[in-house]
**Q** 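I'd like to ask some things about the structure below.
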Amino acid sequence: MQKDSLLPATGAAVAPPLDPDAAISVRGLVKRYGDRAAVDGLDLDIRRGEIFALLGPNGAGKTTTVEVLEGYRSRDGGDVRVLGVDPAAGGRAWKGELGIVLQSGAGDSQLTCRELLRAQASYYADPRDPDEVLELVGLTEKAGSRGRTLSGGQRRRLDVALGIVGRPRLLFLDEPTTGFDPEARRQFWSLIRSLRDLGTTMLLTTHYLDEAEELADRVGVIARGRLVEVAVPAELGGRGTAPAVVSWTEDGARRVAETATPTAFVAGLAARFPGEVPDLAVARPTLEDVYLKMIGEPA
Ligand SMILES: Nc1ncnc2c1ncn2[C@@H]1O[C@H](COP(=O)(O)OP(=O)(O)OP(=O)(O)O)[C@@H](O)[C@H]1O
């Protein structure tokens, strides 16, 4: 049914074969809508146990890619393995190993949180205990509350609870903290880290670069249906070796200098000023800086 192909994307080197040990391995994924390719020859490997963040502007092809991986969308080309199985042929047992946290949640239900979780757990062979899951996501006090009475952040936690009650080996999280207040986001991040400690592999899509930086072992930037770069957040776009920008105020004006040796530079500055160097700041490019550069800094 699918055309298995390792044909390289135009101008690219031949991709290595699928990685049998990876949680997710993708070669040359193509998905077209009409004559437009939403995903255009994408290669990706996600290791077991890692948190991988997929970044990219609106319309880049993130959701399409993730839906192909989840088995919800057919593909027009390429080879895909998710937990060793081609999603196009993934059966019930395979689906039972995936957890999916969608953007639109189950919060409108008339059922209580505990009832919802019990119902969801009943679909799985070896589910987690619903009360333990409520505890893990910090909703124990809301166990008897109906979904519709929860706050936005609490609904999102309920979404995550529903996504993990089946004890997934691989969890997909689509923009999980949209609408969270800062404290709720931090609590959510610690929940994600606890899931990683339990061995869950996670693929996260997000528009929050601080979230990717906090959580992800590696990030992949997708633009126009292709993966532009994969790296640990601190190294993306040459961040790790980029010059530092030192700025200070002198003679009533703001001064800025780029330097590969900021410590020596600041020491030189300090020698020139009797006390504190006025308004001294040393900055490296942020993840957002390099990301915007990679995707072509759209308005
Ligand atoms: N069902 C569909 N029919 C036609 N075109 C589609 C369909 N789904 C997505 N597309 C198009 O495919 C491209 C990629 O969309 P996709 O939803 O994968 O992007 P995305 O990276 O997830 O964006 P966002 O950050 O906005 O969620 C877009 O140009 C979109 O308009």
Side-chain angles (χ1 to χ4, degrees), residues 1-3 9-10 24-46 51-80 82 86-88 90 98-107 152 155-156 159-160 163 170-180 185 188 192 201-216 218-231 233 236-237 286-299:
M1 176 174 48
Q2 304 284 348
K3 271 194 202 157
T10 319
I24 293 175
S25 196
V26 177
R27 295 291 177 273
L29 176 62
V30 174
K31 174 67 188 179
R32 290 189 200 90
Y33 295 113
D35 54 8
R36 193 181 171 284
V39 181
D40 192 16
L42 183 128
D43 300 326
L44 177 66
D45 287 306
I46 298 180
I51 302 182
F52 191 98
L54 206 49
L55 308 176
N58 293 136
K62 301 180 297 294
T63 305
T64 304
T65 300
V66 170
E67 287 179 353
V68 168
L69 301 177
E70 292 167 346
Y72 283 126
R73 212 166 266 282
S74 64
R75 62 185 190 264
D76 296 306
D79 212 352
V80 180
V82 174
D86 182 340
L98 308 183
I100 298 177
V101 178
L102 298 167
Q103 281 187 47
S104 56
R155 285 182 187 207
R156 215 71 194 96
D159 291 335
V160 175
L170 172 60
L171 184 63
F172 294 94
L173 294 148
D174 195 7
E175 299 184 24
T177 62
T178 301
F180 278 28
R185 289 180 77 212
F188 182 85
I192 296 301
T201 307
M202 282 170 271
L203 173 56
L204 164 85
T205 66
T206 183
H207 288 292
Y208 297 124
L209 295 166
D210 58 338
E211 180 158 287
E213 181 133 43
E214 273 290 326
L215 288 181
R218 292 187 305 151
V219 297
V221 176
I222 182 168
R224 292 168 290 279
R226 289 184 175 220
L227 206 61
V228 184
E229 190 178 335
V230 174
L236 194 82
T286 64
L287 186 57
E288 182 160 287
D289 294 334
V290 296
Y291 167 76
L292 290 175
K293 209 167 176 182
M294 282 179 143
I295 62 166
E297 295 186 54

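Keep in mind it's a predicted model, so treat the numbers as computed, not measured. Counting convention: from 1, in listed order, for ligands and their atoms alike.
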**Q** Test Ile100 against Tyr72 for side chain to side chain contact (heavy atoms under 4.5 Å, CB included), laying out the working first.
**A** CA-CA 11 Å; Ile100 298 177; Tyr72 283 126; 3.5 Å; yes
**Q** Among Leu54, Val26, Val39, which residue meets the side chain to side chain contact (heavy atoms under 4.5 Å, CB included) test with Leu227?
**A** Leu54
**Q** Are more than 12 heavy atoms from other residues, nucleotides or ligands located less than 6.0 Å from atom CZ of Arg224?
**A**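 Count not over threshold, so no.
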**Q** Contact between Pro57 and ligand 1, counting heavy atoms under 4.0 Å?
**A**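 Within the 4.0 Å threshold, so yes.
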**Q** Gly59 versus ligand 1: do any nitrogen or oxygen atoms come within less than 3.5 Å of each other?
**A** yes
**Q** Is there a side chain to side chain contact (heavy atoms under 4.5 Å, CB included) between Leu29 and Val68 once you walk through the steps?
**A** CA-CA 9 Å; Leu29 176 62; Val68 168; 3.9 Å; yes
**Q** Please indicate whether any nitrogen or oxygen in Ala38 is less than 3.5 Å from any nitrogen or oxygen in ligand 1.
**A**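 N/O-N/O distance under 3.5 Å: no.
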**Q** Of all the heavy atoms in His207, does at least one lie under 4.0 Å from an atom in ligand 1?
**A**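 A heavy atom of His207 does come that close to ligand 1.
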**Q** Identify, by atom number and element, the atoms of ligand 1 in contact range of Ala60, meaning under 4.0 Å from any of its heavy atoms.
**A** 19 (O), 20 (P), 21 (O)
**Q** Ring of Phe188, cation from Arg156 - is the NZ or CZ under 6.0 Å from the centre and inside 45° of the axis?
**A**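 Relative to the ring axis of Phe188, which defines the angle, Arg156 lies outside at least one limit.
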**Q** Excluding sequence neighbours, so at least two apart, what forms salt bridge (Lys or Arg N to Asp or Glu O under 4.0 Å) with Glu70?
**A** none
**Q** Just jot down the ligand 1 atoms closer than 4.0 angstrom to any heavy atom of Arg36, in number order.
**A** 13 (C), 29 (O)
**Q** Tell me whether Thr65 has any N or O atom under 3.5 angstrom from an N or O of ligand 1.
**A** no
**Q** For Asp86, is there an ion pair with Arg75 - N to carboxylate O distance below 4.0 angstrom?
**A**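 Yes, this pair counts.
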**Q** Tell me the nearest of Val39, Leu54, Thr64, Thr206 to atom 16 (P) of ligand 1, using heavy-atom distances.
**A** Thr64
**Q** Within a distance under 4.0 Å of any heavy atom of Lys62, pick out the atoms of ligand 1 and give their elements.
**A**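 Answer for ligand 1: 18 (O), 19 (O), 20 (P), 21 (O), 22 (O), 23 (O), 24 (P), 25 (O).
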